[in-house]
Structures are given as structure tokens and as C-alpha cells.
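Only heavy atoms go into these numbers, but all of them, side chains included; no hydrogens, no water, no symmetry mates. Sequential numbering from 1 along the given sequence is applied to the chain's residues. Indexing begins at 1, ligand by ligand and atom by atom, following the structure's order.
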Amino acid sequence: MAILTVASFKGGPGKTTLCQVIAACCAKDELKIAVIDADPTKAMSTWHAETYEGRPFECFAETSERAIADLAISLDERCDLVVIDTAGFGNLAGAVAMTVADNILVPLTAGAADLNQAEETIKQAKGLAAAARRKIEVRAVMNRLSLNTKLTRHAIRELQEAGIPTLQSSISHRTAFGELSYSGMLPAKGAAAEEVEAFIAELKQIGWVPHKSLHASREQGL
Ligand SMILES: Nc1ncnc2c1ncn2[C@@H]1O[C@H](COP(=O)(O)OP(=O)(O)O)[C@@H](O)[C@H]1O
Ligand SMILES: [Mg+2]
């Protein structure tokens, strides 16, 4: 159905955290989702194997630039969504993961350096899409926001001025998200849960995450 790659040049803006959120939410919604962990640190696949406690989804650790595209395409044929978590630098595996994607999500935090990395990642994605002669959508998403601080307001203004397409929804800096890497469960209620819901709803609204599972109904013969 669709391949969504989460990418950034810099480490640390929240790629793995957002992959965890998207995967766990889609699994909860009974979508057939597969994740490819293309980061040699294997944070996503280790979390999936050792910590995650929600409804099951498939996760593959694959860091070879030669294997990622084939794996993504074959998973795409039998899944509602394939999400690829990438390493925080512009390596070849990351470039392949961006080129095979239908959509690229670029998390950034509210700092000048991050705005710069988002611009660089977007330029890279555009170049790869041109080389592959296909359309790849790119959007930034703000993560680790401290809402209503001057820095946040400044970052949002800068994004608009730089013409970087950015999701309306954002994810705040919260213990619940910081703890996700060792808790294995998404925040179930409160402001953090509401943010996750709005984030996934927007991804569905722009068509990056399917509303319902095509594969589940196919498998049930409907
Ligand atoms: N919204 C957030 N609130 C609090 N901590 C966060 C948030 N997003 C990420 N973190 C923390 O920031 C660190 C880097 O996030 P991570 O998702 O691993 O980034 P990346 O995969 O881009 O390197 C991790 O320790 C993670 O738990
Ligand atoms: Mg990561």
C-alpha cells in the first residue's frame, strides 16, 4: 500500500520514537504493518523484540543498502503500511530507504541546527526523487516541543518562511515519550495520548497511513 521512511541527517530528533508510535498505533488499529530497522544501532528492532508489549507487528533489522529496497517492496505487497527507521546520517542505506519511499517524514526539534538538517534532508529527498523520476512526498514534523516557548514559536515561523511542508500536529517533550524506549506501551490517556491520536489522524488524513486494513479484509475473503 505505502512505504513511509522516517529520516533525518542528524541523530536524535526522534525518528525511532516516531516509528515506535506509528507502528504501535497502526498495530492497535489492526492495520497490517511491517517495520524495517535500517539503523545499525538496531534501537527499533531491539525495542520490538525485547520491550514492546502491544498488539504484534513485524519488524526486520536490515542495514544493507542492497537488501532494503527489495525487502520494502516485498513487504509492501502484503502489508497496509511499511515504515522504515533510518540512521541519523546521510548513509547509503538511508538514501535507498528514502528513494524506495512513497512518503518521507522528517522529525525536527526546535533549534536552528535542526531546521537546517530538515532543509538538508528535504533537499536530499527531492534529489533522490528526481534521480528515480518519481514523486516522493516529504513533510517535517516537530518533536520534543515545549509548547508556547519563544523558541518553539520562532521555529514554527522559520519553517513557514523556509517553505518546509510541516504537519499541523506536533509531539511535545514529555516523559511518556522519553520512557517509550523502555516501557513498551504507548501513553494510554492524557495529553500525550491526545497528541499521538492527532498525529496519527493527520497521517491518515493526508493518506500516509491507511484508514483501514485492506489486507485483513482480503485475508478474511471479504
Ligand atoms: N517527544 C519526546 N519527549 C521526550 N523525549 C523524547 C521525545 N522524542 C524522543 N525523545 C528521546 O530523545 C532521544 C532521541 O530520540 P530517538 O527517537 O532515539 O531519535 P533518533 O532515532 O532520531 O536518533 C531518546 O532518548 C528518546 O527517548
Ligand atoms: Mg533512531
Worksheet item: If you group Ile, Leu, Val, Met, Phe, Trp and Tyr by side-chain heavy-atom gaps below 4.5 Å, do Val209 and Phe57 land in one group?
Response: yes

Fill in: Nearest-contact summary for atom 13 (C) of ligand 1 - protein heavy atom, Å
Arg144 NH1, 3.8 Å

Worksheet item: Measuring to the Mg ion (ligand 2), does Thr16 have an N/O/S atom at a distance below 2.8 Å?
Response: yes

Fill in: Per atom 4 (C) of ligand 1, closest listed option by heavy atom (Gln20, Arg174, Lys15)
Arg174

Practice prompt. Look at ligand 1 and say whether Ala176 reaches it with a heavy atom at a distance under 4.0 Å.
Written response: no

Worksheet item: Does an N or O from Gly11, backbone or side chain, lie closer than 3.5 Å to an N or O of ligand 1?
Response: no

Discussion item. How far is atom 18 (O) of ligand 1 from the closest protein heavy atom, and which atom is that?
Written reply: Thr16 CB, 4.0 Å

Discussion item. Tell me if a side-chain donor or acceptor on Asp80 pairs with a main-chain N or O of Leu31 at a distance below 3.5 Å.
Written reply: no

Worksheet item: If you look at every heavy atom in Ala38 and Ile84, which pair is closest and at what distance?
Response: CB-CG2, 4.1 Å

Discussion item. Between Lys32 and Arg78 (side chain of the first, backbone of the second, donor and acceptor by atom type, cut-off under 3.5 Å), is there such a pair?
Written reply: yes

Discussion item. I'd like to know if Asp102 pairs up with Lys135 as an ion pair, taking the criterion as any Lys NZ or Arg NE/NH1/NH2 lying under 4.0 Å from an Asp or Glu carboxylate oxygen.
Written reply: no

Fill in: Joint cluster assignment, Val35 & Trp208, ILVMFWY side-chain distance < 4.5 Å
yes

Worksheet item: Closest non-hydrogen protein atom to atom 2 (C) of ligand 1, residue and atom name please, with distance?
Response: Phe177 CB, 3.5 Å

Discussion item. So if I count the atoms of ligand 1 from 1 in the order they appear, which ones are less than 4.0 Å from some heavy atom of Ser172?
Written reply: 1 (N), 2 (C), 3 (N)

Practice prompt. Scan side-chain atoms only and decide if Ser172 and Glu195 contain a donor-acceptor pair under the 3.5 Å cut-off.
Written response: yes

Discussion item. Please list the nearest protein heavy atom to atom 23 (O) of ligand 1 with its residue and the distance rounded to 0.1 Å.
Written reply: Gly12 N, 2.8 Å

Discussion item. Whether the Thr121 and Gln117 side chains hold a donor-acceptor pair (N or O, under 3.5 Å, no angle test) is what I'd like checked.
Written reply: yes

Worksheet item: Is it true that Lys204 and Asp29 make a salt bridge, defined as a side-chain N closer than 4.0 Å to a carboxylate O?
Response: yes

Discussion item. So is Pro13 touching ligand 1 or not, going by heavy atoms under 4.0 Å?
Written reply: yes

Worksheet item: Of the protein's non-hydrogen atoms, which lies at the shortest distance from atom 19 (O) of ligand 1, and what is that distance?
Response: Gly14 N, 3.2 Å

Worksheet item: Is the number of heavy atoms from other residues, nucleotides or ligands within 6.0 Å of CD (Glu179) greater than 12?
Response: yes

Worksheet entry | Mode of Asp39 contact toward ligand 1 - side chain, backbone, both, neither (heavy atoms, under 4.0 Å) | neither

Worksheet item: Ser8 near ligand 1, heavy-atom distance under 4.0 Å?
Response: no

Worksheet item: Identify the closest protein heavy atom to atom 27 (O) of ligand 1: which residue and atom is it, and at what distance?
Response: Gly178 O, 3.3 Å

Discussion item. Under 3.5 Å, is there a donor on one side chain and an acceptor on the other for Thr16 and Asp85?
Written reply: yes

Response to the item:
Closest to atom 17 (O) of ligand 1 by heavy-atom distance, out of Thr86, Thr17, Thr175, Val21, is Thr17

Discussion item. Is it the case that the side chain of Thr5 and the backbone of Ala97 share a donor-acceptor pair, with hydrogens and angles ignored and the cut-off at 3.5 Å?
Written reply: yes

Discussion item. Any protein heavy-atom neighbour for atom 25 (O) of ligand 1 (distance below 4.0 angstrom)?
Written reply: no

Fill in: Atoms of ligand 1, numbered as shown, that sit under 4.0 Å from any heavy atom of Ile171
1 (N)

Discussion item. Can you confirm, on distance only, whether ligand 1 has an N/O atom lying under 3.5 Å from any N/O atom belonging to Asp85?
Written reply: no

Response to the item:
The closest protein heavy-atom partner of atom 8 (N) of ligand 1 is Asn143 ND2, 3.0 Å

